[in-house]
Enquirer: 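Okay, handing you the structure first.
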There are 2 protein chains.
Amino acid sequence: MTNKYDTLRAIRWDNDQLYLLDQRKLPHDYEEIELNTATDVAWAIKEMVVRGAPAIGITAAYGVVLAARRAYSENPNTWKVFIETELNALMHSRPTAVNLSWALRRMRSVFNHIEGDPEPLLLQEAHNIHQEDIDANYAMGAAGAALLPINCSVLTHCNTGSLATGGYGTALGVIRSGYADGRVVQVFADETRPWFQGARLTAWELMQDKIPVTLLPDSAAATLMRQKKVQWVIVGADRITANGDVANKIGTYSVAVLARQHGVKFMVVAPSSTVDIQLTHGDDIPIEERPAIEVLTAVGQQVAPDHATVWNPSFDVTPAELIDVIVTERGVVEQPNMEKMLSLMGGHAPAAVSA
Amino acid sequence: MTNKYDTLRAIRWDNDQLYLLDQRKLPHDYEEIELNTATDVAWAIKEMVVRGAPAIGITAAYGVVLAARRAYSENPNTWKVFIETELNALMHSRPTAVNLSWALRRMRSVFNHIEGDPEPLLLQEAHNIHQEDIDANYAMGAAGAALLPINCSVLTHCNTGSLATGGYGTALGVIRSGYADGRVVQVFADETRPWFQGARLTAWELMQDKIPVTLLPDSAAATLMRQKKVQWVIVGADRITANGDVANKIGTYSVAVLARQHGVKFMVVAPSSTVDIQLTHGDDIPIEERPAIEVLTAVGQQVAPDHATVWNPSFDVTPAELIDVIVTERGVVEQPNMEKMLSLMGGHAPAAVSA
């Protein structure tokens, strides 16, 4: 499946090597980093060379391939034991996006079927994960766009495009599909401090696609809504719990509260790999707090006084009751709640709830 | 009146010259700029060498002294005519803070009493405006602090301290007074994109006073409230209309909506020079939109792609119904409305309303 609004790839496997586009340097420098070990992949995830929940999952899957390559070359008979240290490093590279553990679990499920060199089968599974994510994005793009009125202006937060996923994007996939069929005519992008994903990545992706985008400070979103300049907020997710609560980039909850107050609709777009039905409530999600330096500085320049105290939670939790619709590749859930989410996932209620 | 929590002065008249602390360079460089003409003063206000509604008013008053000095030296008999060009430049240096036109009107009111060299009388009036602002800040500090419970944590937005006023501060004056008497124990400061007044100025002022301050991205304020980490929001104002609506730094309205949703109290602190009873509603206030470069960059470093479209409103309007109390040096107005504001100001309803 192809689309004219999608040319970027954040993650590339080529000639037996993994290449990540260094998103810390965008949009000013376009540089790929070649990664040869899973330890380096864990570093790249932690340092946000690659970011975005689906992209982190895919990257970790390729990381398992590299881990297996090394473990097998060093210990052909016991590689499944020796791979554990690097799998552990991947697992703990970032805590909030559940796609990471999902991808590792899926890669592990292949281990049992492997005899001899594990690389071909694991690489095939990593490619599957990558391609399925792209396919899911196109499916969600169509399903989400269908919910929008024509001539709609939308607000998005952070970056959920090709750079955050296998390709095309989750929330940005809906926006791309919506623009292609005339439903979305204008995108507003929160700049998304402290890492400026909106300014550096979302504006850049949309400008390449010639989709009209206007950048604003995060704190201006309330006035944007008060002036009735947007009808929908469309965001991604890093983890969705069984009750439909959503962890996403810090500021998402703020936008959700403001949207409800101003009669603006709120859509979350995420593949089912982002849904964690083991957790009952959003408050159970581990929220990463990143280093103070991200707030003390801006694009590498010091802003605040030396030694200023900082609170830098990287994500927040939006309760299900503020969400009008969750779009996944498995289907659309309006007014999400536990019953609907479990039905979508074909799962059972977490033990604490069913008890 | 003195207080141990106040050593800074943004505006200094010394040896017949005006000196402004260059707030664009804080906290990394502490540099004063000497200003010799009102045209330069208008430039300094426009470029935000000095900012903050009360400080802008005081600076403009000293600007009138410099304008009169030049006009009188060039045209001793007709200086009141020739001063108009520079008064006009001052008047239009920034549109939103009404303290600017208030100060100019007050300086003009002295013109009629002047014979001969205008400088001594005008300088006296500028000094009066400056000192009255400091006195008002101490009065508001005490009145506002008295409204707070003991062991209270507060959130503030932008900078409203010594740097934004004649000295001591409006919202930050309340925080200083509240800290001095044990009511405020912890301050959270929004970093306040795009100009980072919170990171660069508020954190810096409070750290000098050894008042505990934690800096956060603007978009994290909602989660701060959800986690019940603050009980009050305390902010300043650039203009307050007859009905109690408040224009203040972009993001204030967002914080006000969030505060109401989370049961957090919302206090506005501003001298009566900020009240514009000629305007009925906040929607009548001219809202400055500043250059895109402020959002395209951060502390001088490029963030966004070249030629990205930006929306950069510098202020927003918080409707009176979201405000629990307005503190002025004339008194405290709880649940502000037009009747109470007009009573406070001893004024009459604007024509459009009384008609």
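Residue numbers start from 1 in every chain, and the chains themselves are labelled A, B, ... in the order their sequence lines are given, proteins ahead of strands.
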Enquirer: How would you list all residue pairs meeting ring-ring contact (aromatic ring centres under 6.0 Å, His included) that involve residues 192-217 of chain A, not counting sequence neighbours?
Expert: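 As it turns out, there is no ring-ring contact (aromatic ring centres under 6.0 Å, His included) pair with a partner in residues 192-217 of chain A once direct neighbours are skipped.
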Enquirer: Between Gln23(A) and Leu163(A) (side chain of the first, backbone of the second, donor and acceptor by atom type, cut-off under 3.5 Å), is there such a pair?
Expert: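 Judged by distance alone, yes, a pair lies under 3.5 Å.
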Enquirer: Got a donor-acceptor contact below 3.5 angstrom from the Asp238(B) side chain to the Asn248(B) backbone?
Expert: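 Pair absent, no side-chain N/O of Asp238(B) close to backbone of Asn248(B).
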Enquirer: Heavy-atom pairs under 4.5 Å with chain A: which of Thr192(B), Val255(B), Thr309(B) has the most?
Expert: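 Result: the option with the highest number of such pairs is Thr309(B).
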Enquirer: Give a yes or no on whether the backbone of Ser162(A) and the side-chain of Glu205(A) come within a donor-acceptor separation of less than 3.5 Å.
Expert: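 Judged by distance alone, yes, a pair lies under 3.5 Å.
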Enquirer: Let's test your reading of the structure: which of Gly251(B), Ala220(B), Pro305(B) forms the most heavy-atom pairs below 4.5 Å with chain A?
Expert: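 Highest number of heavy-atom pairs under 4.5 Å: Pro305(B).
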Enquirer: I'd like to know if Asp218(A) and Arg193(A) make a salt bridge, using a cut-off of under 4.0 Å between side-chain N and carboxylate O.
Expert: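 No.
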Enquirer: Salt bridge check, Asp284(B) against Arg239(B): does any charged N sit closer than 4.0 Å to a carboxylate O?
Expert: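 So Arg239(B) does not pair with Asp284(B) through a salt bridge.
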Enquirer: What do the steps show when you test Val269(A) against Thr160(A) for side chain to side chain contact (heavy atoms under 4.5 Å, CB included), and what is the final call?
Expert: CA-CA 9 Å; Val269(A) 187; Thr160(A) 59; over 6 Å; no
Enquirer: Centre of Tyr30(B)'s six-membered ring, under 6.0 Å away, within 45 degrees of the axis: is that where NZ or CZ of Lys25(B) sits?
Expert: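 No.
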Enquirer: Of the backbone (N, CA, C, O) and the side chain (C-beta and beyond), which part of Gln197(B) lies under 4.5 Å from a heavy atom of chain A, both, or neither?
Expert: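 It is neither, since no heavy atom gets under 4.5 Å.
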Enquirer: Measure Val317(B) against the heavy atoms of chain A and call it side chain, backbone, both or neither at under 4.5 Å.
Expert: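 Contact with chain A: backbone and side chain both.
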Enquirer: Checking heavy atoms, do the side chain of Leu224(A), its backbone, both or neither come under 4.5 Å from chain B?
Expert: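 Contact with chain B involves both backbone and side-chain atoms of Leu224(A).
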Enquirer: Any idea which of His28(A), Glu294(A), Arg200(A) has the most non-hydrogen atom pairs under 4.5 angstrom with chain B?
Expert: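 Sorted descending by pairs with chain B, the first entry is His28(A).
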Enquirer: Between Glu191(B) and chain A, with a heavy-atom cut-off of 4.5 Å, which part of the residue counts as in contact: side chain, backbone, both or neither?
Expert: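 When you check distances to chain A, only side chain atoms of Glu191(B) fall under 4.5 Å.
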Enquirer: When only heavy atoms count and the cut-off is under 4.5 Å, which of residues 257-266 of chain A reach chain B?
Expert: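 Counting heavy atoms that sit under 4.5 Å from chain B, the residues of residues 257-266 of chain A involved are Val257(A), Leu258(A), Gln261(A), His262(A).
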Enquirer: Does a donor on one side chain sit under 3.5 Å from an acceptor on the other, for Asp190(A) and His157(A)?
Expert: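 A pair is found: one side chain offers a donor N or O, the other an acceptor, under 3.5 Å apart.
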Enquirer: Given the options Val303(A), Thr223(A), Val310(A), which has more heavy-atom pairs under 4.5 Å with chain B than any of the others?
Expert: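 Top option by heavy-atom pairs under 4.5 Å: Val303(A).
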Enquirer: Step by step, work out the side chain to side chain donor-acceptor pair (under 3.5 Å) result for Asn159(B) and Arg51(B).
Expert: CA-CA 9 Å; Asn159(B) 172 268; Arg51(B) 28 63 53 197; 3.0 Å; yes
Enquirer: Pick whichever of Leu216(B), Ile250(B), Ile287(B) has the most heavy-atom pairs under 4.5 Å with chain A.
Expert: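 Maximum pair count with chain A is reached by Ile250(B).
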Enquirer: Where do Met225(A) and Val233(A) land on the side chain to side chain contact (heavy atoms under 4.5 Å, CB included) test, with the steps shown first?
Expert: CA-CA 10 Å; Met225(A) 295 184 198; Val233(A) 171; 3.9 Å; yes
Enquirer: Taking every heavy-atom pair that is under 4.5 Å apart, which of Thr252(A), Asn312(A), Val213(A) has the most such pairs with chain B?
Expert: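 Most heavy-atom pairs under 4.5 Å with chain B: Val213(A).
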Enquirer: Pick one of side chain, backbone, both or neither for Gln302(A), based on which atoms fall under 4.5 Å of a heavy atom in chain B.
Expert: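 For Gln302(A), the contact with chain B is made by backbone and side chain together.
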